[in-house]
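Report on the following structure.
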There are 2 protein chains.
Amino acid sequence: MLAINTSETSPYMQSFRQESRGGRALDDRLQQASERRLEAKEHVFCEGDQRTHVYRVEDGVIAIYKTLFDGRRRIIDFAYPGDYIGLGVLGEHIMSAQATCASKVRCFSASALESLAETDASLALKLYKSVCQDLVAARSLLVTVGQRSAIERVAAFLLALHRRGGEGSKGVVKLAMRRSDIADLLGLTIETVSRTLTKLREMQVIDVEQGGTTVKLRDVPRLADLANE
Amino acid sequence: MLAINTSETSPYMQSFRQESRGGRALDDRLQQASERRLEAKEHVFCEGDQRTHVYRVEDGVIAIYKTLFDGRRRIIDFAYPGDYIGLGVLGEHIMSAQATCASKVRCFSASALESLAETDASLALKLYKSVCQDLVAARSLLVTVGQRSAIERVAAFLLALHRRGGEGSKGVVKLAMRRSDIADLLGLTIETVSRTLTKLREMQVIDVEQGGTTVKLRDVPRLADLANE
DNA sequence: AACGAATTGTGAGAGTTTGTAACAGGGCCT
DNA sequence: AGGCCCTGTTACAAACTCTCACAATTCGTT
């Protein structure tokens, strides 16, 4: 979902990626696909909730996270339009899902999906490939978060967002989330994220625009160099 | 695979977990399952290799990792006996797989597996669930690595190994890997790993035995507290 | 247009980790 | 036995991030 390696850059799951981004991968056999709108910070589901549905993000960004005992929040993934959340869970959710900005999701009955998949190999394969995407995203993020310095992490994060945005974005990345969300994703504090963005700006690698909600990548090769990937 | 949340602790994939640990989950339809022995530091495959096979670990520990531009190594997962590696890859591998100690793997033809899965829903579902396990492991590790302090990370790592070992282990954890492997998994240096183990020993939470290759957990609740999960 | 709340940005000191270096221990070879 | 290599441990200075504090900006509401 964070998709540092998506269709363009990774040999994983190319065919399915296109299919799912098209938006009609899983749901054409499932009737009860209702829509749900969420405001920023509203939850799709929480840790411990019974897992009744699978969701496809239609609009916005959904943060998948886990709360630690001391109250800190560890974001594990951002789900963007076209991504599915809630796959691969059996009983109850062990992660929470929360909108970082105004968002929209489509809901599918999990039990209906599963019973269909038991006899439908192509659907089961789609589930497989969808989870493979998530796995690639999680491992990519693992590489990013394992980086030592704050600059490396932030640079890798911006690059990942840029790659996901595709070629049409022309280096303009909309963050669509707070500094705290970025910090909890990268394992940094909001102050460090803020300072690091300032440092990247001073290095003339990026421009921060629109009150910090949009980042323009001025020097992508340099950024990739800083990201060390 | 690191399996901080495995059958005991997570609602994910319980049924399959048992199935796959039994060892005969995917291969009973695949003839050409040859064995391969590896010495410590030998590779199963490397980044850029064509993906021809899927492997099941029979013995030992296989580290899945990615090499960064500056030569650092980021371990993304450890695969233990019963785990599959190489699933979910389409073209060429984007990660390397290397034995951390003397190991044994069984090789399955990837193309044979895939063509079978196209018409066999139950096999496709098994693939799905197997990758779900990996996803849970990756996300668990993400929580661990996102932790700030070295103690938290090492404590969580030891706990994960302990849970994987099962109840029979009686708090004795065999590391079966170098300090450098642990460091590259947790995003620390070998010195910090060593220092942290010493600190845990001084706190009387663990004992380090057999020349540092085995760790005995003296106070699991305390360790869980330190791990913050 | 103005106000208040929330978010973001910046600074200084404290704390932790890293990097460098030296040393100890075990295994293997001659 | 002795020497060599690899791994692991420990010490100390340097670098980095975190914490805490407060200023600046943005956004929504009045």
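Below, chain A is the first sequence line, B the second, and so on; all start at residue 1.
- Rounded to whole Å, atom P of C:dT8 lies 12 Å from atom CG of A:Asp184.
- In this structure, the CZ atom of B:Arg179 is 19 Å from the C1' atom of C:dG19, given to the nearest Å.
- Side-chain nitrogen and oxygen atoms of B:Thr189 include none within less than 4.0 Å of the OP1 or OP2 phosphate oxygen of C:dG19.
- Between B:Lys41 and the phosphate of D:dC6, there is no side-chain N or O to OP1/OP2 separation shorter than 4.0 Å.
- Between the CD1 atom of A:Ile151 and the P atom of D:dA15 there is a distance of 16 Å, given to the nearest Å.
- When heavy atoms are screened at a 4.0 angstrom cut-off, B:Leu188 is found touching the sugar-phosphate backbone but no base atom.
- The pair B:Arg73-B:Asp181 meets the salt-bridge criterion, with a side-chain N (NZ, NE, NH1 or NH2) lying under 4.0 Å from an Asp/Glu carboxylate O.
- When the C1' atom of C:dT17 is taken as reference, atom CG of B:Leu197 falls 15 Å away, rounded to whole Å.
- Along DNA chain D, the nucleotide nearest A:Gln210 and the nucleotide nearest A:Lys199 are compared for position; the residue whose nucleotide lies closer to the 5' end is A:Lys199.
- Note on A:Ser194: every side-chain N or O is 4.0 Å or more away from OP1 and OP2 of C:dT8.
- When side chains are defined from C-beta on, B:Val208 does not count as touching B:Leu200, because their heavy atoms never get closer than 4.5 Å.
- Counting distance only, with no hydrogens placed and no angle test, the side-chain atoms of A:Arg195 and the base atoms of D:dT19 include a donor-acceptor pair under 3.5 Å.
- Between the CG atom of A:Asp181 and the C1' atom of C:dA6 there is a distance of 14 Å, given to the nearest Å.
- Nucleic acid contact class of A:Thr213 (heavy atoms, under 4.0 Å, all strands): none.
- The phosphate of C:dT17 has neither OP1 nor OP2 within less than 4.0 Å of any side-chain N or O from A:Arg148.
- Partner of A:Asp83 under the salt bridge (Lys or Arg N to Asp or Glu O under 4.0 Å) criterion, out of A:Arg164, A:Arg56, A:Arg106: A:Arg164 alone.
- Regarding A:Glu39, its CD atom lies at a distance of 16 Å from the C1' atom of C:dA6, rounded to whole Å.
- Between B:Arg201 and D:dT10 there is a side-chain polar atom (N or O) within less than 4.0 angstrom of OP1 or OP2.
- Between the base of C:dG9 and the side chain of A:Arg178 there is no donor-acceptor pair shorter than 3.5 Å.
- At a threshold of 4.0 Å, the pair A:Asp184-A:Arg72 does not count as salt-bridged, since none of the basic side-chain nitrogens sits closer than that to a carboxylate oxygen.
- For the pair B:Glu209 CD and C:dG25 C1', the interatomic distance rounds to 17 Å; values are reported in whole Å.
- Here the CD1 atom belonging to A:Ile75 is positioned 12.0 Å from the CE atom belonging to A:Met95, to the nearest 0.5 angstrom.
- Proximity note for B:Glu191 (side chain, C-beta onward) versus D:dC18, D:dT10, C:dT17: the nearest is D:dT10.
- Distance CG (A:Asp207) to P (C:dG9): 13 Å, rounded to an integer number of Å.
- Using a 4.0 Å heavy-atom distance criterion, A:Arg153 is classed as making no nucleic acid contact.
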